[in-house]
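First up is the structure itself, then whatever we jot down about it.
Protein chains get the first letters and strands the later ones, always in sequence-line order, with residue 1 at the start of each.
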Amino acid sequence: MRLSKALVPTLREDPAEAEALSHKLMLRAGLVRQLAAGIYAYLPLGQRVIDRINAIIREEMNAIGGQEITMPVLHPAEIWQKSGRWDGIPEMFKLKDRKGADMCLGMTHEEVVAWLAAREIRSYRDLPQIWYQIQTKERDEARPRSGVLRTREFLMKDSYTLDPDLNALERSYAAHERAYRRIFDRCGLAYHVVQSDTGMMGGLGSHEFMAPSAAGEDEIALCGGCGYAANVELARGVPAPPDVPGWTREEVATPNARTAAELAAVLRIDPRLIIKTLVYVAAKTGPVLALVRGDHALHERKLARALGEEFRPAHPDEVRTLLGAPAGSIGPLDVRMPVLADEALKTGTYVVGANREGVHIRGVSPGRDFPCRFVDLHTVAAGEACPECGKPLAVERVIEIGNIFKLGTKYSAPLGAAYLDEQGRQQPIVMGSYGIGPARIAAAAIEQLADADGIIWPPSIAPFQVHIVAVNVRDAAQAAAAEEIYAECGRHEIEALLDDRDERPGVKFKDADLLGMPLRVTVGNAFVKDGIVEVRERRTRRESRVAKAEVLATIKSSGALKMPG
RNA sequence: CGGGGUGUGGCGCAGCCUGGUAGCGCACCUGCUUUGGGAGCAGGGGGUCGGAGGUUCAAAUCCUCUCACCCCGACCA
């Protein structure tokens, strides 16, 4: 590709709308342009990166027996109504066709897979199957953000396994985990595999592949001792207990103390000696109290799992009606609703609200002084002890680049995907689903590897391996030599980008750094004077000066084009 | 959904408070010079100031409504 003719609109300055590093660099390097919130066009360089990532994904999916298919983006409502997901997903784009029939845009494809399996799979002899596609998904995200990291339209590799039983599902799941590790290794990413929430879907288990990055939306807890790793929506940590004073149960006046921090200040005590009482309203359960320690944050996913249903925070007037006090003075004593307490509150005595404005009670012990169910509710914080081995946990911000999910029969049963087993009995097909976001891989690679001058692509997913700079194209000797090297790369199947623009050297070098190809080949004055061409590694900035005849050999032997490991 | 912010030429911004001929840098076009880390000089083209309505002799500027985009939140009781 010749830069003089290519659509590679690099930007000198950071675009005003970009915050995340990968977002700024993808715009500045001319990889993508935004059409609307969370909707992007991929320009030639961005497209090449996605193509290279997809090629790696295809190789590894095919290697575990995956068969590539393409399923529709436009779906009839019927299959979603059958699976029970037509209502209640606010992210779903819905529309009607000209006859008025309900349709939607696919945000995932379990329903279509189950539909296809229902028609085409009949016997245990037809199983197992692995079907995958690399297809556009449409989700009306509440808040698109961080460039291509969370968008309303995005490419996803989604695969689906069909198995006769749970043991077979375990094998398919393990095969996917191995394939995913190879994919992310080959893409040059640092990542963790963590336990994740199966959601309210009743799934049988799931893991996420998480690439550490400040731009990430998720947090994970990691144990350096035993390898325990989990999304914070699931991760359990054992917090250090406070020193409990030998106080007796008594009322204390706490005027104007609304938050745990204010209460701790008024009473001059450790915030860990306070119980925060939170009021939620669930559809089936009704009002409930959730208790966490004063220094802890409640994780709503954990509460939802404990309740077995979704819920909402109580309105301030509801709190007053239910408990007779404003939110700052409420507590779990003598209440008529279910009380869930975080496990950290199993021991010790605490300060709780008295359900009278401006009054708290200290010396209260959960379980002894009021009935409650102990469950894990608090969000794990760095430094808490690992639930497996007791060593301190670290908490890291991450980008979710892939997930694997044991579905079971949630979709196969309602859509009638069944087979006949060896005894001739009809059985539901056991499914798994597995996703990878190619654009997130690209963004994560930028986040993890870029330096102050721009992108540094892993060679496996770089749009080009070699960036040839003809320093001054008006110098016939330089231009001709650069052309020859470019042509020679083509003959040796080395993908090269030739900067043949009539630009000043500084512009070309800055762009080469920004675009981030692993190797830069510079043909300039040194060539005119001494026949020397420079081959420079983008990542290490190491440069070798070689005769033009040796350039190809130097490129081929360069460590910059080999993936580590 | 809640809160905050921003919309002025392709990009980045000033001007708005205090109404009076729409500006700056980069980019673009022409010429000359320059050519190893985002060149210099000279000349030039390009803007319904997000949109609609209103106030006024006069609106980028004030008022109302609206659209779009960005950030934070959607635990902090």
Side-chain angles (χ1 to χ4, degrees), chain A residues 9-20 23-24 27-28 30 33-39 90 140-147 150 215 217 219 232-233 257-264 271 274-280 289-304 311-316 318-320 323 325-332 342 352-353 360 377-381 453-454 469-475 478-479 499 501-514 520 522-529 532-534 536 541 543 545:
Chain A
T10 57
L11 303 174
R12 183 181 297 232
E13 295 173 272
D14 283 336
E17 72 267 21
E19 192 85 1
H23 190 191
K24 289 178 183 170
L27 290 168
R28 283 191 57 207
R33 285 294 184 264
Q34 178 175 311
L35 173 63
I39 303 178
D140 194 3
E141 290 288 347
R143 188 179 155 209
R145 69 181 95 183
S146 303
R150 179 166 292 274
E217 293 185 281
E219 288 190 326
V232 292
E233 67 193 10
R258 298 175 177 284
T259 68
E262 289 169 3
L263 186 58
I274 292 165
I275 289 178
K276 287 200 285 202
T277 301
L278 287 52
V279 189
Y280 291 97
L289 295 187
L291 312 184
V292 295
R293 213 169 69 179
D295 62 320
H296 284 160
L298 178 125
H299 199 292
E300 293 197 344
R301 297 315 314 156
K302 291 184 171 182
L303 179 59
F311 58 85
R312 62 169 175 83
H315 303 302
E318 286 179 306
V319 171
R320 221 177 244 281
L323 296 162
S329 299
I330 60 174
D342 184 58
V352 301
H360 282 71
L377 289 179
H378 80 276
T379 306
V380 65
D453 292 316
V469 175
V471 174
N472 182 356
V473 291
R474 297 191 192 182
D475 180 306
Q478 288 180 33
D499 191 347
R501 296 175 299 173
D502 184 11
E503 286 286 354
R504 296 178 60 82
V507 172
K508 296 187 169 196
F509 292 141
K510 289 287 187 189
D511 273 349
D513 287 344
L514 175 63
R520 185 182 88 196
T522 309
V523 183
N525 288 339
F527 175 75
V528 178
K529 276 192 281 184
I532 295 292
V533 171
E534 295 133 47
R536 177 177 146 122
R541 305 179 187 226
E543 190 166 83
R545 296 163 58 82

Notebook entry, point to check: What residues form a ring-ring contact (aromatic ring centres under 6.0 Å, His included) with A:Tyr280, not counting sequence neighbours?
Noted result: A:Phe311
So [X], base contact, sugar-phosphate only, or nothing? Heavy-atom distance under 4.0 Å.
X	result
A:Asp511	base
A:Phe527	nothing
A:Arg520	base
A:Thr522	base
A:Gln478	nothing
A:Gly524	base
A:Ala297	base
A:Arg545	nothing
A:Arg33	nothing

Note to self: So that I can tick it off, tell me whether A:Glu503 and A:Lys508 are bridged by a salt bridge, with the cut-off set at under 4.0 angstrom between side-chain N and carboxylate O.
What the structure shows: no
Notebook entry, point to check: So does A:Asp502 pair up with A:Arg474, basic N to acidic O under 4.0 Å?
Noted result: yes
Check: Out of B:A74, B:C76, B:C28, which has the shortest distance to the side chain of A:Thr259?
Finding: B:C76
Next item on the list: Can you see which heavy atom on A:Val319 is nearest to which on A:Ala325, and at what distance?
Entry: CG1-O, 3.6 Å
Margin query: Testing the basics here: between A:Leu514 and A:Leu11, what is the closest heavy-atom pair and its distance to 0.1 Å?
Written below: CD2-O, 4.2 Å
Notebook entry, point to check: Checking salt bridge (charged side-chain N to carboxylate O under 4.0 Å, His left out) against A:Arg145, which of A:Glu217, A:Glu17, A:Glu19 comes through?
Noted result: A:Glu217
Taking N or O atoms only and anything under 3.5 Å, show me the protein contacts with nucleotides 67-72 of chain B, one pair per line.
residue: B:C69; atom: OP1; partner: A:Ala37; partner atom: N; Å: 2.9
residue: B:C69; atom: O3'; partner: A:Gln34; partner atom: NE2; Å: 3.1
residue: B:C70; atom: OP1; partner: A:Gln34; partner atom: OE1; Å: 3.4
residue: B:C70; atom: OP1; partner: A:Gln34; partner atom: NE2; Å: 3.3
residue: B:C70; atom: O3'; partner: A:Glu17; partner atom: O; Å: 3.4
residue: B:C72; atom: OP2; partner: A:Arg143; partner atom: NH2; Å: 2.2

Checklist line | Pairwise C1' distance, B:U34 and B:G40 [rounded to whole Å] | finding: 8 Å
